[in-house]
Chemist: 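The structure that follows is given in the form of structure tokens.
All of these numbers come straight from a predicted model, not from anything done at the bench.
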Amino acid sequence: MAKRAAIVCTPGILGGRPRIEGTRIAVAHIAGWLNDGYDSESIVREVYEHLGQEQVEAARKYYEANRPAIAADIAEEHAAYERGMREHEQARTQPA
């Protein structure tokens with residue numbers, strides 16, 4: 001049976017960012033693997049074995065059609081990660 005290949009945005013799930021329907025896998029995550037040199041086939045084979053080729057292809061096509069918005073999502077995720085790391089380091093080094 002083929003797996004669904006829709007891209008959806010749902011408030012309250014992944015901050016409303018585009019994702020593969022029925023999963024919590026953001027288009028930005030697929031874009032990251034594509035930018036690291038993986039193709040759709042290798043993403044299914046090596047990273048997300050539970051996804052179908054159609055799902056990864058739908059995410060790739062969405063990324064290609066919405067590259068600036070997805071790049072902004074990726075930048076926001078990186079910034080949030082960096083903020084969290086700084087806050088963790090500050091909390092860790094503050095005297096008790």
Side-chain angles (χ1 to χ4, degrees):
M1 177 194 302
K3 295 186 181 178
R4 298 192 76 172
I7 302 302
V8 297
C9 299
T10 308
I13 299 176
L14 298 180
R17 291 189 172 99
R19 64 182 174 83
I20 298 170
E21 186 175 27
T23 75
R24 294 183 62 83
I25 300 173
V27 171
H29 297 154
I30 299 297
W33 289 105
L34 293 167
N35 290 335
D36 283 346
Y38 286 73
D39 61 16
S40 295
E41 239 178 60
S42 60
I43 292 171
V44 170
R45 189 176 59 251
E46 299 174 32
V47 183
Y48 295 116
E49 295 174 358
H50 62 286
L51 293 180
Q53 188 67 39
E54 300 82 13
Q55 291 172 300
V56 174
E57 270 301 301
R60 183 192 62 75
K61 289 176 183 176
Y62 188 96
Y63 170 54
E64 293 297 328
N66 299 280
R67 202 175 272 261
I70 301 303
D73 286 348
I74 292 169
E76 165 113 11
E77 282 186 21
H78 284 285
Y81 172 81
E82 291 298 323
R83 281 191 306 273
M85 290 302 291
R86 280 192 307 274
E87 290 169 6
H88 173 74
E89 185 61 24
Q90 286 172 350
R92 191 180 70 78
T93 60
Q94 289 179 350

Chemist: Distance from Tyr63 atom OH to Ile74 atom CD1, nearest 0.5 Å?
Modeler: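 Reported value, rounded in 0.5 Å steps: 5.5 Å.
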Chemist: Quick one: CD1 on Ile30 to NZ on Lys61, what's the gap to the nearest 0.5 Å?
Modeler: 14.0 Å
Chemist: Taking Ile70 as the starting point, is it possible to reach Leu51 by hopping between hydrophobic residues whose side chains are less than 4.5 Å apart?
Modeler: yes
Chemist: Is there a donor-acceptor pair closer than 3.5 Å between any side-chain N or O of Arg19 and the backbone N or O of Thr23?
Modeler: yes
Chemist: Return the minimal non-hydrogen interatomic distance between Pro18 and Ile7, and the atom names on each side.
Modeler: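 In this case the closest contact between Pro18 and Ile7 is CB-CG2, 3.9 Å.
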Chemist: Do Val56 and Trp33 share a hydrophobic cluster, counting only Ile, Leu, Val, Met, Phe, Trp and Tyr and linking them when any side-chain heavy atoms are less than 4.5 Å apart?
Modeler: yes
Chemist: Looking only at heavy atoms, what is the nearest atom pair of Cys9 and Gly16, with distance?
Modeler: CB-O, 3.3 Å
Chemist: If you round to the nearest 0.5 Å, how far is CZ of Arg67 from CG of Asn35?
Modeler: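 One finds 6.5 Å between CG of Asn35 and CZ of Arg67.
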Chemist: Check Leu14 against Arg24 and note the closest heavy-atom contact, atom names and distance.
Modeler: CD1-O, 3.3 Å
Chemist: As an exercise, state the distance from CD of Glu57 to CD1 of Ile43, rounded to the nearest 0.5 Å.
Modeler: 9.0 Å
Chemist: Any heavy-atom pair between the side chains of Asp73 and Val27 that's under 4.5 Å?
Modeler: no
Chemist: A cation-pi test, strictly: NZ or CZ of Arg60 under 6.0 Å from the centre of the six-membered ring of Tyr62 and no more than 45 degrees from its axis. Yes or no?
Modeler: no
Chemist: Which heavy atom in His50 sits nearest to a heavy atom in Gln55, and how many Å separate them?
Modeler: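 Of all heavy-atom pairs spanning His50 and Gln55, the closest is O-OE1, 4.4 Å.
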Chemist: Measuring from atom CZ of Arg17 to atom CD of Glu77, what distance do you get when rounded to the nearest 0.5 angstrom?
Modeler: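 Separation between the atoms: 5.5 Å.
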Chemist: Would you please name every residue forming a salt bridge (charged side-chain N to carboxylate O under 4.0 Å, His left out) with Glu89, sequence neighbours left out?
Modeler: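 Expected list: Arg92.
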